[in-house]
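To start, the structure itself, in structure tokens.
Naming: A, B, ... by sequence-line order, numbering from 1 per chain.
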Amino acid sequence: MRNKSFYPSKPLPRSFYQRSTLDVAPGLIGKILVRRYHGSFLAGMIVEVEAYHGFDDKASHAYQRRSGRSEIMYNRGGIAYVYFTYGMYHCLNVVTEKEGYPAAVLIRALEPIAGITTMHKLRGNPHTQQLTNGPGKLCMALHITKNENGIDLQSKELFITRGRNIPSHLIGTSRRIGISRSVENEWRYFLKGNPFVSHHR
DNA sequence: ACGCTGATGAAG
DNA sequence: TTCATCAGCGTT
């Protein structure tokens, strides 16, 4: 848990991201998201994600449009897509699949692993359980903003590494949170029983 | 249950 | 140019 004892493994290869989004999304559960900040590492285990993909997903930013904000989702997998929402918050996605197919996975929650003191400062000292249990919260805690939009996940600044291997029976699925269209698709994945998974409202 | 807050994109 | 819509959060 101490930052000094944490040194990350190599970034996951680009090939990890260039697969079906519905394979990448549950595959991210248990992996470690790493952010370099002022020369040290902030890190957390991914415990909740949502997939947004393809031409028929009405909740996707890329639905029936390819311009501005959503253009980045058409890139080949392996880069970050960070967007600003509700006038206040940033959300981190990882782009998946091949060039020309619009898709990304939203990182919704982390279990903090390293740099927890720094994360508390960046978040305004909430209880640890509230530190990274939501997509806006984890971006605040890891200082992820639109400056990181488009960053290559092979970069030292922001990447994902191997973590725990999670047996599939420990991964739960549900409808996605906070959307009004295509609600029937159960493309949210989370680590069952983990206290950092965000709660439904 | 609601207000905060501003980027986005569609409509006019 | 105006307007509705929001992949959220914190306080009520």
Side-chain angles (χ1 to χ4, degrees), chain A residues 17 20-22 24-29 33 35 44 46-75 77 79-97 101-112 119-151 153 158 160 171-191 194-201:
Chain A
Y17 302 98
S20 166
T21 309
L22 297 187
V24 176
L28 283 168
I29 301 298
L33 177 64
R35 169 76 165 133
I46 298 170
V47 298
E48 179 184 351
V49 299
E50 285 175 358
Y52 291 84
H53 77 115
F55 298 96
D56 301 324
D57 180 0
K58 295 185 178 66
S60 169
H61 288 167
Y63 180 64
Q64 290 187 344
R65 60 181 95 89
R66 178 173 184 167
S67 64
R69 182 174 62 170
S70 68
E71 172 64 29
I72 193 167
M73 293 179 68
Y74 288 79
N75 281 274
I79 63 175
Y81 165 35
V82 182
Y83 65 87
F84 186 66
T85 192
Y86 291 107
M88 272 178 252
Y89 303 109
H90 293 276
C91 291
L92 170 67
N93 299 249
V94 299
V95 175
T96 56
E97 311 235 12
Y101 184 89
V105 177
L106 172 68
I107 310 299
R108 284 197 57 91
L110 304 175
E111 177 175 322
M119 291 189 206
H120 269 100
K121 286 179 188 161
L122 288 167
R123 283 272 293 122
N125 297 309
H127 291 139
T128 297
Q129 195 130 322
Q130 322 301 325
L131 195 54
T132 52
N133 65 336
K137 296 178 191 178
L138 72 89
C139 282
M140 264 185 275
L142 301 193
H143 198 256
I144 293 167
T145 69
K146 284 187 79 169
N147 290 335
E148 282 67 55
N149 190 33
I151 201 171
L153 294 174
L158 182 66
I160 298 172
I171 298 179
T173 62
S174 79
R175 294 181 169 196
R176 294 171 292 179
I177 294 173
I179 59 170
S180 58
R181 299 176 296 173
S182 293
V183 292
E184 66 280 4
N185 296 316
E186 300 207 335
W187 291 343
R188 173 174 175 258
Y189 303 87
F190 58 94
L191 184 54
N194 186 279
F196 294 90
V197 171
S198 71
H199 46 266
H200 274 99
R201 292 179 173 258

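- If you check B:dG3 for Watson-Crick or wobble pairing at under 3.5 angstrom, you find it paired to C:dC9.
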(request) Give the intermediate values and the outcome of ring pair (Phe, Tyr, Trp, His ring centres under 6.0 Å) for residues A:H61 and A:Y83. (result) CA-CA 10 Å; A:H61 288 167; A:Y83 65 87; 4.6 Å; yes
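- With DNA chain C read from its 5' end, the first of the two nearest nucleotides for A:G134 and A:R181 is the one closest to A:R181.
- Here A:R65 reaches the OP1 or OP2 of B:dA10: one of its side-chain N or O atoms lies under 4.0 Å away.
- Note on A:R108: a side-chain N or O is less than 4.0 Å away from OP1 or OP2 of C:dG8.
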(message) For A:F55 and A:Y101: C-alpha separation, side-chain torsions, deciding distance, then whether ring pair (Phe, Tyr, Trp, His ring centres under 6.0 Å) applies.
(response) CA-CA 8 Å; A:F55 298 96; A:Y101 184 89; 5.8 Å; yes
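- Considering only side-chain N and O atoms, A:R123 lies under 4.0 angstrom from the phosphate OP1 or OP2 of C:dG10.
- As rounded to whole Å, 16 Å separates atom P of C:dC6 from atom CG of A:L106.
- The distance from atom NE2 of A:H90 to atom P of B:dT8 is 11 Å, rounded to the nearest whole Å.
- In the interface, the side chain of A:Y83 is paired with the base of C:dA7 through a donor and an acceptor atom under 3.5 Å apart.
- One can place CZ of A:R188 at 11 Å from P of C:dG8, the figure rounded to the nearest angstrom.
- Under 4.0 angstrom from either OP1 or OP2 of C:dG10 there lies at least one side-chain N or O belonging to A:K137.
- Among the atoms of the strands shown, base atoms are found under 4.0 Å from some heavy atom of A:G87.
- In this structure, the OH atom of A:Y86 is 10 Å from the C1' atom of C:dC9, given to the nearest Å.
- Taking the ring centre of A:F190 as origin, the terminal cationic atom of A:R188 falls inside the region bounded by 6.0 Å and 45° from the ring axis.
- The nearest whole Å value for the distance from the CG atom in A:N133 to the P atom in C:dC9 is 7 Å.
- Judged by ring centres under 5.5 Å apart and planes tilted less than 30 degrees, A:Y89 fails to stack against the six-membered base ring of C:dG8.
- Remark: A:S180 is in phosphate contact with C:dC6, judged by side-chain N or O atoms under 4.0 Å from OP1 or OP2.
- Backbone-only contact: A:K146 has heavy atoms under 4.0 Å from sugar-phosphate atoms and none from a base.
- Contact annotation: A:H61 does not reach the phosphate of B:dT8 (side-chain N/O to OP1 or OP2, under 4.0 Å).
- Residues A:R66 and A:P102 fail the side-chain proximity criterion, which asks for heavy atoms closer than 4.5 Å.
- Across the protein-nucleic acid pair, A:L138 atom CG and C:dC9 atom P stand 8 Å apart, rounded to whole Å.
- The distance from atom OH of A:Y63 to atom P of B:dA10 is 12 Å, rounded to the nearest whole Å.
- Closest-nucleotide positions on DNA chain B for A:F84 and A:R69 were compared, and the one nearer the 5' end corresponds to A:F84.
- Residue ring and base: A:Y52 counts as stacked with C:dA7 (centre distance below 5.5 Å, interplanar angle below 30°).
- The pair A:R35-A:E148 meets the salt-bridge criterion, since a charged nitrogen lies less than 4.0 angstrom from a carboxylate oxygen.
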